[in-house]
Number of protein chains: 2
Amino acid sequence: MTSRLTPRSGHRPPEAAIRRLLALGDLSDSELDLLRGLGDRREQRTPGEEIAPEGPDAIRPQLIVSGWACRERVLADGRRQIINVLLPGDGIGLRRHPGGELAAVRALTALETIDASCVAEAVCAGRAPGIAGALEAAENLEHLLLLDQLVRLGRQTAYERVAHFLLELQRRLEVVQLGDRQRFPMPLTQEILADALGLSIVHVNRTLQQLRREGLIELHSGVAILLDRDRLADIAECRAVHPRLGAAPPLKPATQPTATPAA
Amino acid sequence: MTSRLTPRSGHRPPEAAIRRLLALGDLSDSELDLLRGLGDRREQRTPGEEIAPEGPDAIRPQLIVSGWACRERVLADGRRQIINVLLPGDGIGLRRHPGGELAAVRALTALETIDASCVAEAVCAGRAPGIAGALEAAENLEHLLLLDQLVRLGRQTAYERVAHFLLELQRRLEVVQLGDRQRFPMPLTQEILADALGLSIVHVNRTLQQLRREGLIELHSGVAILLDRDRLADIAECRAVHPRLGAAPPLKPATQPTATPAA
DNA sequence: CGGGGGTTTGACGAACGTCAATCGGGGTGG
DNA sequence: CCACCCCGATTGACGTTCGTCAAACCCCCG
């Protein structure tokens, strides 16, 4: 039920986190040693377990070693919105929010984390400028993903949302070497997908079927395969940076923005 | 077309920004003087004008003196999602994002801004710790509003979204004394509301009609009146956060299924 | 062999979008 | 002062997307 503490199980370093930080900035040797030296104080969580409630209490800084988590908000009648998904290498509570966390954190799968308090301290004390920079970059990236999520929820169809989300997962997992350009682990249930994408379970299922039927993805036993990344990216409108609102005569009247399920 | 520069029009200090920062943190006298001394280098924008494109270029720090703006993203086929609305007293480009702006900034009404470069400098140089703290609090608040927006788009009905959004505007405008608990300026067209709430214009119109019919709001010539804030808050599921980020976790334990907005 | 969680499918309805026409008010030129 | 006009608000009819309900199915495990 509560997290089990495993004082110094295998002393496996947080590979994913190291890879992620290296991708976001340069780290000195001493910083790398600091990260590799982490390993006592690790915790295991079971799927569905709440790691931290929404509220004013600060969360102890942690890094995800394995497993997936999320930040979420739940309405009074049970509707849930997943704010973002946390993957191996992502941090929890690394950025202290002087008002408490804005959303609850919950394990989505079996989850292993390690305590990163000393990393947070080193960063605060200015003893790890490389890590500090990487964490700042990570925060910017997270903010960007949040805006992507906002556009997904506000202005994209179910079909587009799923494609966009799968591409996001693929990219993030590739950075921490938990997948390649085509294939990656996908342990989320359709219920979780629904809560992340603002859809119902049933509609997520049907949308996935459609993507399968069209030869765009495969989804077996916890593994996703993107069969046609280019077409998916096209559907998802990845990185649409075309400012110009005023006069917009080239609104595509001839194109079918929605690939109708009528197969 | 481009913004007109008005070197020292009336030397009106940015009252709204001062009030907002005072609500977010304590300012020293010298800091207040710094803010009151702003006033040369102001710019006027026309409604619809783009203030800054989405992209890597940094934006000159500015404060909104009057008028409303927004941050937005536009998809290739013209669909637009407004990320958030910027009100008098809000800043633009005050927080430098090392990867550039993540969304375009656009004036929604006639807009007056003043240059706040020297504020940004003072904060960076550590000469304005009070302002720095207030700006950090502002950033946290903005982040919180972003999560609200996410839940709105992902899990709330049109009816709930509109109620929630109006309440957000009321609270934010009250802080800068541009409205009271009931009444505030509302210069947004229904098209803008639609793009902010992820709805169509027509549906926004019908939802507003419904709120009017039920005696919850009035909306005349640029002024909104919330006739029954309590009921609106109930509809919107407000997780109220008011002056300085003081979240209250009144999670209702035994709630009834859905408070359906049955007409 | 039974059971439970996740997935799949069908039928149906509600929420929301689209198209198109009309209305209304404030600004502008005559 | 008035006619005109343009933009935004409003309304109706209709189509699509998506949600809900319910049942069947599947697979892993005890």
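Excluded from the calculations below are hydrogen atoms, water molecules and symmetry mates; all remaining heavy atoms, backbone and side chain alike, are included. Owing to the predicted nature of the structure, the values given are computational and were not obtained by experimental measurement. We name chains A, B, ... by the order of the sequence lines, and we start the count at 1 in each one.
- B/G198 comes within 4.0 angstrom of the backbone, heavy atoms only, and of no base.
- Rounding to whole angstrom units, CD1 of residue B/I192 and C1' of D/dC7 are separated by 13 Å.
- Heavy atoms of B/S200 sit under 4.0 angstrom from at least one base atom.
- One atom, CD of B/E191, and another, P of D/dC7, lie 12 Å apart when rounded to the nearest Å.
- In this structure the side chain of B/F184 never reaches within 4.5 angstrom of the side chain of B/R171, judged on heavy atoms.
- B/Q209 has no side-chain polar atom (N or O) that falls below the 4.0 Å cut-off from OP1 or OP2 of D/dA9.
- Look at CG on B/D195: it is 14 Å from C1' on C/dG17, rounded to the nearest Å.
- A/R79 has no side-chain polar atom (N or O) that falls below the 4.0 Å cut-off from OP1 or OP2 of D/dT20.
- A/L199 comes within 4.0 angstrom of sugar-phosphate atoms only, judged by non-hydrogen atoms across all strands, and of no base.
- There is no side-chain donor-acceptor pair under 3.5 Å between B/R213 and B/Q210.
- Listed for the B/R155 side chain is a donor-acceptor partner under 3.5 Å among the backbone atoms of A/L199.
- The phosphate of C/dT7 (OP1 or OP2) has no side-chain N or O of A/N205 nearer than 4.0 angstrom.
- The CG atom of A/L153 sits 12 Å away from the P atom of D/dC18 (whole-angstrom rounding).
- For B/V202, taking side-chain heavy atoms from C-beta onward, the closest of the listed nucleotides C/dG6, C/dT8, C/dA20 is C/dA20.
- Rounded to a whole Å, the CD atom of B/Q210 is 13 Å from the P atom of D/dT11.
- The B/R206 side chain lies nearest to D/dA13 when the options are D/dA13, C/dC19, D/dC18.
- One interatomic measurement links the two molecules: CD of B/Q156 to P of C/dC16, which rounds to 11 Å at whole-angstrom precision.
- Rounded to whole Å, atom P of D/dC18 lies 13 Å from atom CZ of B/R155.
- Neither OP1 nor OP2 of D/dT17 sits under 4.0 Å from any side-chain N or O of A/R161.
- For the side-chain hydrogen bond (donor to acceptor under 3.5 Å, both in side chains) with B/D195, the lone residue among B/Q190, B/R79, B/R80, B/Q81 that qualifies is B/R80.
- No side-chain donor-acceptor contact under 3.5 Å links B/R206 and B/Q209.
- Residue B/H220 contributes atom NE2, which lies 14 Å from atom P of D/dA9 at whole-angstrom precision.
- Both A/V204 and B/L188 sit near DNA chain D, but only B/L188 has its closest nucleotide nearer the 5' end.
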